[in-house]
Each structure stands twice: as C-alpha cells, then as structure tokens.
Q: 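So that we are looking at the same thing, I have put the structure below in structure tokens.
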Amino acid sequence: MSWKNRCLPEGREFVGIFFALAGVFLIATHGSLDSVVLSPAALTIGIISAISLAFYTVMPFRLLQKYSTTLIIGWGQFLSGGFLCIFINPFEPSGHWDGAAVAAMVYLILGATVLSYSVFLVGLKVVGATKASLISCAEPLASIIAVVLWLKTPLTLEDLVGMTCIILTVVLLSLPKK
C-alpha cells in the first residue's frame, strides 16, 4: 500500500508492521538466524507466497468497491481453475476417492478457500489493505496453537514473545483512531 499510495504507513501501522515482523521472526526462528532451516524450494515458495499476499491484499480493493465479494471470488476461482487445467487434467483424478477424500476436498474448496477468502475480502473492504495484511499475521499464531494442542509441542519463551507481538499488532490496529 505504501508503494501504491506513495506514502509511508501511518504511526500505528508502522509500529504494527514492526511487531508483526518481530513476532513472525521469533516464532519461525526462535530468535536465531542459525536455527532457520529452509530448502531452496521452501524459500522460493515463501517468497512467492509473500508476493501473492501483497498482491491479493492490494489489488482487489477497487474491485470490492464496484463488485460483490461473491462475484470476485467466483471469477478468481474460475480463472485460476482454468489456468491450472493447462498443467493438470481435471478429468483424470489421481488417487482413490472414497467418502473421506470427497469430504476433505469439499472442506478445502468451500471452507478453507471460498469461505475464508470471502471473509478476508469483506474484512479488506472494512479495514483496508494495510490493516488486513497485518492482522493476517495472526495465522502463525493459529498454527502454533494447533501444533501445541494436537502435536503436544512445547512452547518456548520466544514463541510466547512472538505470539505477544502478533496479538499486540492486532489489538493496536483494532483500536479506533483518535
């Protein structure tokens, strides 16, 4: 948004960026760059994901002012599905499709993709691109909670400080402007 609007983030957003980056850094590395183990493929996917997040946070803002969220998501799903057909034939599914596989696919399409992106776009319309992208930094927080509860992974002090930084970001950005 700063690049698009040719201005720096306002005070709270700048502080939020700092806390969000610090929190994600602490959670991902436990405070040490020596503990980061990324393959070239993981680094490439991470960079592509970061660019994609920036793109899909900033780009639909004008579209959301003109068209409904459902229409935007429908066209996005249609175009991306058509593009993927170049690489994968959808009429030759691989693997074994039993009831559990179909249920998982329905959940991935409706719950994890359509519903979550719809909610994100509605939030984007309400709070704007910068705040929406900063609040989305809470995703690693949800991942940590899931890992602790289901995989019984112990929390470190760095994890707790990182989680606190991310929570501070969300609280800071949700406070009304004076």
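Here the structure is a predicted model, which is why all the values come from computation and not from measurement. No hydrogens, no waters, no symmetry mates; every other heavy atom, side chains included, goes into these values.
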Q: Anything under 3.5 Å between a donor and an acceptor, one on a side chain of residues 145-157, the other on a protein residue two or more places apart or in another chain? List them.
A:
residue: Lys152; atom: NZ; partner: Leu149; partner atom: O; Å: 3.1
residue: Thr156; atom: OG1; partner: Glu158; partner atom: N; Å: 3.4
residue: Thr156; atom: OG1; partner: Glu158; partner atom: OE1; Å: 3.3
residue: Thr156; atom: OG1; partner: Asp159; partner atom: N; Å: 3.1
residue: Thr156; atom: OG1; partner: Asp159; partner atom: OD2; Å: 3.2

Q: To the nearest 0.5 Å, what is the distance between CD1 on Ile167 and CG on Leu172?
A: 13.5 Å

Q: Is Val114 reachable from Val119 through a run of I, L, V, M, F, W or Y residues, each pair having side-chain heavy atoms under 4.5 Å apart?
A: no

Q: Side chains of Trp75 and Leu71, heavy atoms from C-beta outward: is any pair under 4.5 Å?
A: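 Contact flag for Trp75/Leu71 side chains = yes.
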
Q: Identify all side-chain donor-acceptor contacts of residues 97-111 below 3.5 Å with residues at least two apart in sequence or on another chain.
A:
residue: Trp97; atom: NE1; partner: Ser94; partner atom: O; Å: 3.3
residue: Asp98; atom: OD1; partner: Ala100; partner atom: N; Å: 3.4
residue: Asp98; atom: OD1; partner: Ala101; partner atom: N; Å: 2.9

Q: Between atom CG of Leu26 and atom OG of Ser32, what is the distance when rounded to the nearest 0.5 Å?
A: 11.0 Å

Q: Please list, one pair per line, the donor and acceptor atoms closer than 3.5 Å that link side chains of residues 77-86 to other protein atoms, with sequence neighbours excluded.
A:
residue: Ser80; atom: OG; partner: Gly76; partner atom: O; Å: 2.9
residue: Ser80; atom: OG; partner: Gln77; partner atom: O; Å: 3.2

Q: Can you list, by chain and residue number, the hydrophobic cluster partners of Leu8 when the side-chain cut-off is 4.5 Å?
A: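 So far as hydrophobic clustering goes, Leu8 is joined with none.
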
Q: Any link between Val122 and Ile72 through a network of hydrophobic side chains (Ile, Leu, Val, Met, Phe, Trp, Tyr) touching at under 4.5 Å?
A: no

Q: If you look only at distance, which donor and acceptor atoms sit under 3.5 Å apart when one is on a side chain in residues 43-55 and the other is two or more places apart or in another chain?
A:
residue: Thr44; atom: OG1; partner: Pro40; partner atom: O; Å: 2.8
residue: Ser49; atom: OG; partner: Ile45; partner atom: O; Å: 2.9
residue: Ser52; atom: OG; partner: Ile48; partner atom: O; Å: 2.8

Q: Listed by chain and number, what are the side-chain hydrogen bond (donor to acceptor under 3.5 Å, both in side chains) partners of Gln65, not counting sequence neighbours?
A: none

Q: Looking at every heavy atom in both Phe19 and Cys165, which two are closest together, and how far apart are they?
A: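 Heavy atoms only, the tightest pair is O-CB, 3.3 Å.
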
